[in-house]
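First up is the structure itself, then whatever we jot down about it.
None of the values given here were measured: they were computed from a predicted structure. Reckoned from all heavy atoms, side chains included, excluding hydrogens, waters and symmetry mates.
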Amino acid sequence: MLVFHQISVLQEHLKQLRNQGMTVGFVPTMGALHQGHISLINQAKAQSDIVVCSIFVNPTQFNNAHDLAVYPRTLEADSQMLDAAGCDILFAPSAEEMYPKLPTMKFDFGALETVMEGAFRPGHFNGVGIVVSKLFHIVQPNKAFFGQKDLQQCAVISCMVNELSFNLELVICPTQREEDGLAMSSRNRNLSPEQRAIAPSLYQALNNAKASLLQDKEVSEVKGELAEFLNNIEGIELEYFEISDFDTLQPFQGILSQNSGGGKIALCIAAFLGKTRLIDNIII
C-alpha cells in the first residue's frame with residue numbers, strides 16, 4: 001500500500017493510473033477503523049481496479065470541541081488494517097494540507113439538514129459537504145463508498161453529487177453490526193464495559209419500533225413506546241428518535257400500511273451513553 005500526505009503527489013500518481021485505464025474506488029474515513037470500514041474497502045475492491053482510502057479527522061464538521069478532541073486518532077493501526085485488507089492507496093493529509101486557510105463558503109442542504117443530525121449538530125453538514133467535495137475533487141474517483149449507518153450523511157452527499165454534477169457513482173453499503181446488534185462505530189471504543197453492555201439496546205429499540213409500525217400503530221404511539229423502553233435502561237440518554245421518509249428524511253406521519261407513497265421509511269436514533277454519542281438506523 002502506498003501512503004500519500006500531499007495532494008499534488010497523490011493526484012499525479014492517480015493521473016498515471018487513470019491514463020492506464022484503471023478505475024478508482026474511494027472510501028473516505030476519519031480513521032479509527034473497524035470492520036465496518038473494511039467492508040467498504042472490500043466493496044471498493046470488488047468494483048474498482050484501484051482502491052483509495054482517506055483518513056482525515058475533519059475539524060469543520062465538529063460543532064462540539066470535546067467531540068473533536070477525544071475523537072480517536074490511530075493512524076498506525078489503521079494503516080496496518082488497510083494494508084492487510086488490500087487497500088492500494090492511503091491518503092492521510094494534515095489539516096494544513098486540506099485547509100491552507102479556513103473555508104468561507106457555506107453549503108445549504110435545505111430541509112435535509114434541518115432534522116435529526118442537522119438539528120442537533122448545527123453546521124455539521126456544511127463541514128461534511130466541504131471536506132467531501134474537496135476529497136472528491138482531489139481523488140476524482142469513479143465510485144465512492146459510504147455506510148448506511150450515517151444515513152443522513154449519505155443523503156446529504158447524494159444531494160451534493162447530483163446538484164453539483166460530480167462525475168462519480170455513490171455506493172451506499174449496509175450497516176455492519178457486532179454479534180449483539182450494535183452498529184460498528186469508531187466511537188464504540190470510547191464506551192466503558194458497562195456502557196458497551198447496554199449499547200445494543202439502541203438496535204433493540206429500533207427493532208421494537210419497527211415491529212410496532214408493522215402492526216399499524218401510530219407514529220406518536222411508537223415514539224412513546226421507544227422513549228419509555230430506553231428510559232428504563234439506566235445509562236442511556238435518548239437525544240432523538242425519528243420516523244422519516246427515506247428519500248426526504250422529513251417526518252413520516254400516520255400509519256405505515258396507509259402510506260400512499262409506498263416509499264421506504266427510515267427509523268433513526270441518537271443517544272448518549274455517558275459522553276459517547278451513538279447513532280443508528282434501520283429501514284422498513
Pair Arg277 + Glu117, salt bridge at N-O below 4.0 Å:
yes
With a 4.5 Å heavy-atom cut-off, do Gln176 and Gln35 have their side chains touching?
no
Does any part of the side chain of Gln148, heavy atoms only, come nearer than 4.5 Å to the side chain of Ile283, both counted from C-beta?
yes
Ring-plane angle category for His37 and His34, please: parallel below 30°, perpendicular beyond 60°, tilted otherwise.
tilted
Quick one: does Ser158's side chain have a donor or acceptor within less than 3.5 Å of a partner on Cys154's backbone?
no
Straight-line distance of Leu33 CG to Thr74 OG1, nearest 0.5 Å
6.5 Å
Val51 backbone acceptor or donor facing Asp88 side chain under 3.5 Å
yes
Less than 4.5 Å apart, any side-chain heavy atom of Ile269 and any of Tyr203?
no
Least distance between heavy atoms, Ala205 atom then Leu226 atom
O-CD1, 3.5 Å
Would you say the side-chain atoms of His124 pair up with the backbone N or O of Gly118, donor to acceptor, closer than 3.5 Å?
no
Relative to each other, are the rings of Phe26 and Phe136 parallel, tilted or perpendicular (30° and 60° limits)?
perpendicular
Smallest heavy-atom separation, Ala85 atom then Lys45 atom, equals O-NZ, 2.9 Å
Here the gap from Asp247 atom CG to Ile265 atom CD1, rounded to the nearest 0.5 Å, amounts to 9.5 Å
Using side-chain heavy atoms (C-beta onward) and a distance below 4.5 Å, is Phe56 in contact with Pro28?
no
Validation row: Ile236, Ser201 side chains within 4.5 angstrom (heavy atoms)
yes
Does the side chain of Arg196 come within less than 4.5 Å of Leu182's, by heavy atoms?
yes
Taking the side chain as C-beta and beyond, is there a heavy-atom pair between Val57 and Arg73 under 4.5 Å?
yes
Heavy-atom count around Glu221 CD within 6.0 Å, excluding the residue itself: above 12?
yes
Which is it for Ser48 and Asn142 under the side-chain contact (heavy atoms from CB on, under 4.5 Å) test, yes or no, and what are the steps along the way?
CA-CA 8 Å; Ser48 315; Asn142 300 89; over 6 Å; no
Straight-line distance of Ile279 CD1 to Arg121 CZ, nearest 0.5 Å
7.5 Å
Separation between CD of Glu239 and CZ of Phe120, rounded to the nearest 0.5 Å
5.0 Å
If you count every heavy atom of other residues, nucleotides or ligands that lies below 6.0 Å from Asn19 atom CG, does the total exceed 12?
yes
Nearest heavy-atom neighbours spanning Asn58 and Met30:
N-SD, 3.5 Å
Heavy-atom pair with the smallest gap, counting every atom of Cys159 and Leu112
CB-CD1, 3.9 Å
Give, for atom CE of Met98 and atom CD1 of Ile7, the distance between the pair rounded to the nearest 0.5 Å.
5.5 Å
Can you name the nearest heavy-atom pair linking Asp49 to Gly21, along with the distance?
OD2-O, 4.0 Å
Exercise: identify the closest heavy-atom pair between Gly31 and Asp78
CA-OD2, 3.4 Å
d(Leu202 CG, Asn207 CG) to nearest 0.5 Å is 11.5 Å
Got more than 12 heavy atoms from elsewhere within 6.0 Å of CD, Gln16?
yes
Looking only at atom types and distance, does a side-chain atom of Thr29 sit under 3.5 Å from a main-chain N or O of Ser54, one as donor and one as acceptor?
yes
